[in-house]
There are 2 protein chains.
Amino acid sequence: MKEYCKFESALSILVGKWKPVILLQLISNGTMRFSELQKSIPDINKKMLTQQLRELEYNDIVHREVYNQVPPKVEYSISEYGKGLSAVLQPLNDWGATHIAHMNALYGEDRAGNESK
Amino acid sequence: MKEYCKFESALSILVGKWKPVILLQLISNGTMRFSELQKSIPDINKKMLTQQLRELEYNDIVHREVYNQVPPKVEYSISEYGKGLSAVLQPLNDWGATHIAHMNALYGEDRAGNESK
DNA sequence: CAGTATCCAGCTGGATACTG
DNA sequence: CAGTATCCAGCTGGATACTG
């Protein structure tokens, strides 16, 4: 196993256009229903939300709880194992803030964020 | 500025098929010439190597030193600022190793790495 | 409510040939 | 040696319509 394989393994969890936002939502709000997640991320559509959640579930980061009732109810939350990832994400998030500032200092406010999210 | 913007900012540095490998090479070997990098990453081609290095340079992670001579000589290294990122990468790398083991435990050795790097 | 199916545009990466 | 230019295949994300 090559060294960078570990990086890839960790990165593969985070890569995907909506995964960071989804993770952030679940980390700060705890358990959320599918529709709550959708409301909290206005620009996402059902297909993408489902897809990204399934990938996070496959990697055991997110837990999916299905209530067998009509109308259906499905709740998502960070799994026990997934909480280990949250800890790793914190320094990354902090560094991200630093980096935005650094880019602003180098290139100016306008060009740094690229899309001003 | 939304919260996940920080994540995106940090992730954008790492995303790109060859960036983790390039970073790892420069971190462990220090200063390297373009051709040395190319030799150390057999499957990469010049276009990709150039492109990824330019992006890392734009983000001030990698320093590019051009020696004005014939034949040309260009050396790459992690910038002072970039060293701050290396520290953040370490926990990510460690977690990556954990995650590979976790996936192996869940799904078995064969399906975990997907391509056995 | 919580999805799935289909189809398509745009971006990313790669093969190949050329250059100061 | 250290690149640039061109062109194209495949993957990722998104719009839209349908469903148990």
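All heavy atoms count here, side chains included; hydrogens, waters and symmetry mates do not. Bear in mind that the values here come from a model prediction, so they are computed numbers and not experimental data. Residue numbering restarts at 1 for every chain, and letters A, B, ... go by the order of the sequence lines.
Between B:Arg33 and D:dC1 there is no side-chain polar atom (N or O) within less than 4.0 angstrom of OP1 or OP2. The shortest distance between the side-chain N/O atoms of B:Lys17 and the OP1/OP2 oxygens of C:dG14 is below 4.0 Å. Within the structure, every side-chain polar atom (N or O) of B:Trp18 is placed at least 4.0 Å from both OP1 and OP2 of C:dT12. Distances shown here put a side-chain N or O of B:Tyr76 below 4.0 Å from the OP1 or OP2 atom of D:dG3. Checking the phosphate oxygens (OP1, OP2) of D:dG3, a side-chain nitrogen or oxygen of B:Arg64 falls inside 4.0 Å. In this model, the phosphate group of D:dA2 is approached by a side-chain N or O of B:Ser35 to a distance below 4.0 Å at OP1 or OP2.
The A:Val74 side chain lies nearest to C:dG3 when the options are C:dG3, C:dC1, C:dA15. Distances were taken from every side-chain heavy atom of B:Asn45 (C-beta onward) to each of C:dA15, D:dG13, C:dG13; the shortest belongs to C:dA15. Side-chain proximity of B:Met48 to D:dA2, C:dA2, C:dG14: nearest is C:dG14. The side chain of B:Phe34 approaches D:dG3 more closely than any other nucleotide in the set D:dG3, C:dG13, C:dA2.
Here the P atom of nucleotide C:dG20 and the CG atom of B:Asn68 are 16 Å apart, to the nearest Å. Following rounding to the nearest Å, A:Arg54 (CZ) and D:dG13 (C1') show an atom-to-atom distance of 17 Å. In this structure, A:Ile22 atom CD1 and C:dA2 atom C1' are separated by 14 Å, rounded to whole Å. Atom NZ in A:Lys19 sits about 10 Å away from atom P in D:dT12, given to the nearest Å. Between A:Gln52 atom CD and C:dA2 atom P there is a gap of 18 Å when expressed in whole angstrom units. Rounded to whole Å, atom C1' of C:dC7 lies 15 Å from atom CD of A:Gln51. Distance NZ (A:Lys39) to P (C:dA2): 9 Å, rounded to an integer number of Å. Summarising the geometry, the separation between NZ on B:Lys47 and P on D:dA5 is reported as 12 Å, rounded to the nearest angstrom.
Heavy atoms only, all atoms of each residue included: B:Lys17 and A:Glu8 are closest at O-OE2, 3.9 Å.
C:dG13 and D:dC8 make up a base pair, with Watson-Crick or G-U wobble contacts both under 3.5 Å. In a base pair of the Watson-Crick type (N1 to N3 plus N6-O4 or O6-N4) or a G-U wobble (N1-O2 and O6-N3), with each distance short of 3.5 Å, D:dT19 is matched with C:dA2.
Between B:Tyr81 and A:His102, the distance from one ring center to the other falls under 6.0 angstrom.
Salt bridge status for A:Glu65 with A:Lys73: absent, with no side-chain N to carboxylate O gap under 4.0 Å. Comment: A:Arg64 does not engage A:Glu75 in a salt bridge, judged by the lack of any side-chain N to carboxylate O separation of less than 4.0 angstrom.
Looking at heavy-atom distances under 4.0 Å, B:Lys46 makes contact with a base.
A parallel orientation is assigned to the rings of B:Tyr107 and A:Tyr58, their planes being inclined by less than 30° (bins at 30° and 60°).
Shown here is A:Glu80, whose CD atom has no more than 12 heavy atoms of other residues, nucleotides or ligands within 6.0 Å.
Comparing A:Gly16 and B:Pro72, the nucleotide of DNA chain D nearest to each residue sits closer to the 5' end for B:Pro72.
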